[in-house]
Protein chains: 2
Amino acid sequence: MGASGAAPTVYDVAERSGVSIATVSRVYRMPESVRPETRERVLAVAHALGYVPSGNARGLASRSTGVLGLCFPDYSDPDAEAAEDADDAAMLYSDQIIRGMERAARRHGYALLIAASLKGGPESLVAKVAGRVDGFAVLARTVPTAELDVISRRQPVVMLAGPRESPDTADHLDHVEVANFDGQRELTRHLIEDHGVRRPAYVGSSEESPDVEARFRGFLAACGDAGVEVAGEPALRVGMMTQAEGARAAEALCERAGERPDAFVFANDQMAVGALHALERRGVKVPGDVLVTGFDGIPLSRLVRPSLTTVHQPMLRLGEAAVELLVERLSGARTGDPVSVMLPVTVVRRTSCGCGDTEAAGAAGAAER
Amino acid sequence: MGASGAAPTVYDVAERSGVSIATVSRVYRMPESVRPETRERVLAVAHALGYVPSGNARGLASRSTGVLGLCFPDYSDPDAEAAEDADDAAMLYSDQIIRGMERAARRHGYALLIAASLKGGPESLVAKVAGRVDGFAVLARTVPTAELDVISRRQPVVMLAGPRESPDTADHLDHVEVANFDGQRELTRHLIEDHGVRRPAYVGSSEESPDVEARFRGFLAACGDAGVEVAGEPALRVGMMTQAEGARAAEALCERAGERPDAFVFANDQMAVGALHALERRGVKVPGDVLVTGFDGIPLSRLVRPSLTTVHQPMLRLGEAAVELLVERLSGARTGDPVSVMLPVTVVRRTSCGCGDTEAAGAAGAAER
DNA sequence: CAGAGTTATGTATGCGCTTACAGAGAGCGC
DNA sequence: GCGCTCTCTGTAAGCGCATACATAACTCTG
């Protein structure tokens, strides 16, 4: 810490400038209400003393912090520090949301407190964050719903991504998600109707992820609509949804007995990119021999060759929407039952599905219910 | 906000579980010191009531918040929302640092409060952050040094990047930077010695940026070492250091009268990538006709064709180093004069300088002074 | 120039928690 | 059975600020 003793407080400033602590407080809270000369004098002393108002005391007294929070799971696997891929990937989900929230929060005069779950202290994470913010967002599956439920009775909470919790358990928490179902359905429809796909293979995850499930259901729906027969299960489920797993999945699907699928539909971009590499090594042409699609719209998807057709998720918007909701609740502009906002996604048609790189797009998904 | 009235406090929990507020507090702060049965009873009541300790009150009473902060300038230009390039680029500086700090902070049990400067309230940003955290980092040029100076007398502050402030003004603030000079010097040396470059052209920025200046000085030093004659000024200065400006710079350098430079040395990767595109359009071969290098080591640098030779900056480490410093100060493990840590950078040799894509590397830069 | 209306400042209280310090049992050796 | 040490719990005093309310200093009216 610095040198000199304890940090100066309102009392110190008040004393040295010959006013009461109330006046010092007013200089900061309502500058107009104090006579200019007095104000200047106080500010001068404050500056000389190195006075900085204590956010804690201020928050305690005024019952609000001016801070919004975000809790997210710890995606990064420490061992993979060196792997740039891991970084890129991780860079997407949480970081984009952070960025989106930070921007939106700033616009409304809030700062952002972020904390990733740490397998550690008892119910530590959320409680810690919750106790320091006016309201916060939580990435799905970061913390037990029961806990959120309790907390959301006291302050606004919004759940990001994941499914809307059943209304009876989710007491007062709002919800923001992207149109996973609609996006995958639209993309699959495009493959079938515009590119004549008949034997698509879906590659999902073995981890339980509502988002991935929703995507798969979208895939099934599109197949159903078009009369394309597919199993009620993904052709393959992998563990981690990484590039490596995607490559492996592509290999597996090629080796598999019977006719090769005419399209590999991956649940995320990372896997699709890995598959692209694997297919290239194998000499399988994309989109000549097989079509490949991803989901997420990460920057990499635009840069790989062939460029990847995917569904773009508005991550920044996700964060922004969360903040909007929180601010509305805090300002009292919105009251009443929890809402669920669904953000539309965009199908980005690129080379890997057989389209040119025209980036033609179609939106899918809708608003609030 | 939720439904029911005010949030429950220790008093409510204490009353309903038949103990004193001190005991309730102990249940959270020193669980071992309270008899198991009592503890369970309290926890049960707390949970039933939806009790969450107030971070503010806790912080006030204990004089510490368990939160570290980061202040950074608002890079993102709102108009460029749609431009994906802008996103990618912006994603790098602040976001990587955020990520690095968050991880490191988490390891030490701290959460992270982030806030970007908003051209707004009087001395708002830093004061707001400073008042809510135990210590914080500031990206160079985000706030006036004078203010930091005052604040750093009361709590640990770390300045990121930028130059070390002159010791007399920088009272107690530690400093972390990357070896801009050494990195650019080493890269330039490589161009000259290993690729026979004789007429390198440096493209810098017209904005005053200590980092960019340091790089340029590194460039000059290498030229001087090798007896290569160059002007004492960059061949060109651009405004924004964006891809668009980089492309324009490349055009300009090609049009310029006299012999074309044999290497374009850009002050960052963004510009270099823009230049790569411009040169391709012009039919100028890289590295055949001219060599191109960047600085930063953004993910994109690896993906463009030809892959970009650059100097990789350990952004994550920057954030981590800042946290380490803060934690050392807070724990009392480090006392005394402010230190300045310089993080080594890595020259990444790729195709654009004429090397294979072998990613051979050489470190440059050193530790603490 | 008394009284009403304004504005600038002071007084006093409490926000919800931590933490010395004190007190009450309980177990133990003498 | 007395004093002692331990362990567990209660009492009380703030932490630094915001703010309702009271007060003082002026400015107007009539």
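First the proteins, then the strands, lettered A, B, ... as listed; each starts at 1. Treat the numbers as computed from the prediction; the structure is a model and nothing was measured.
Considering only side-chain N and O atoms, B:Thr23 lies nowhere under 4.0 angstrom from the phosphate OP1 or OP2 of D:dC8. The side chain of A:Ser20 contributes no N or O atom lying less than 4.0 Å from OP1 or OP2 of C:dT11.
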Practice task
Kindly indicate, with the supporting measurements, whether the criterion side chain to side chain donor-acceptor pair (under 3.5 Å) is fulfilled by A:Glu147 and B:His47.
Solution key: CA-CA 9 Å; A:Glu147 215 178 325; B:His47 189 264; over 6 Å; no

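None of A:Val67, A:Val323, A:Val327 except one satisfies the side-chain contact (heavy atoms from CB on, under 4.5 Å) rule with A:Tyr110; the exception is A:Val327.
Taking atom CD on A:Glu15 and atom C1' on C:dG10, their separation rounds to 15 Å, with Å as the unit.
Within the 3.5 Å criterion, the main-chain N or O of B:Met101 finds no donor-acceptor partner in the side chain of B:Glu320. Under the 3.5 Å distance criterion, the side-chain polar atoms of B:Arg132 are matched with a main-chain donor or acceptor of A:Thr65.
Rounded to 10°, the helix from C:dC1-D:dG30 to C:dC30-D:dG1 has 40° between the axis fitted to its first five pairs and the one fitted to its last five.
Contact check for A:Phe72 versus A:Ile114: side-chain heavy atoms found under the 4.5 Å cut-off.
Aromatic pair B:Tyr28/B:Tyr51: ring centres closer than 6.0 Å.
Under a 4.0 Å N-O distance rule, the pair A:Arg41/A:Glu37 does not qualify as a salt bridge.
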Practice task
Would you give a per-nucleotide map of nucleotides 15-21 of chain C, 5' to 3', where B means the base has a protein non-hydrogen atom under 4.0 Å away, S means only the sugar-phosphate does, and - means neither?
Solution key: BBBBBB-

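Looking at A:Ser94 and B:Arg99, their side chains do bring a donor and an acceptor atom within 3.5 Å of each other.
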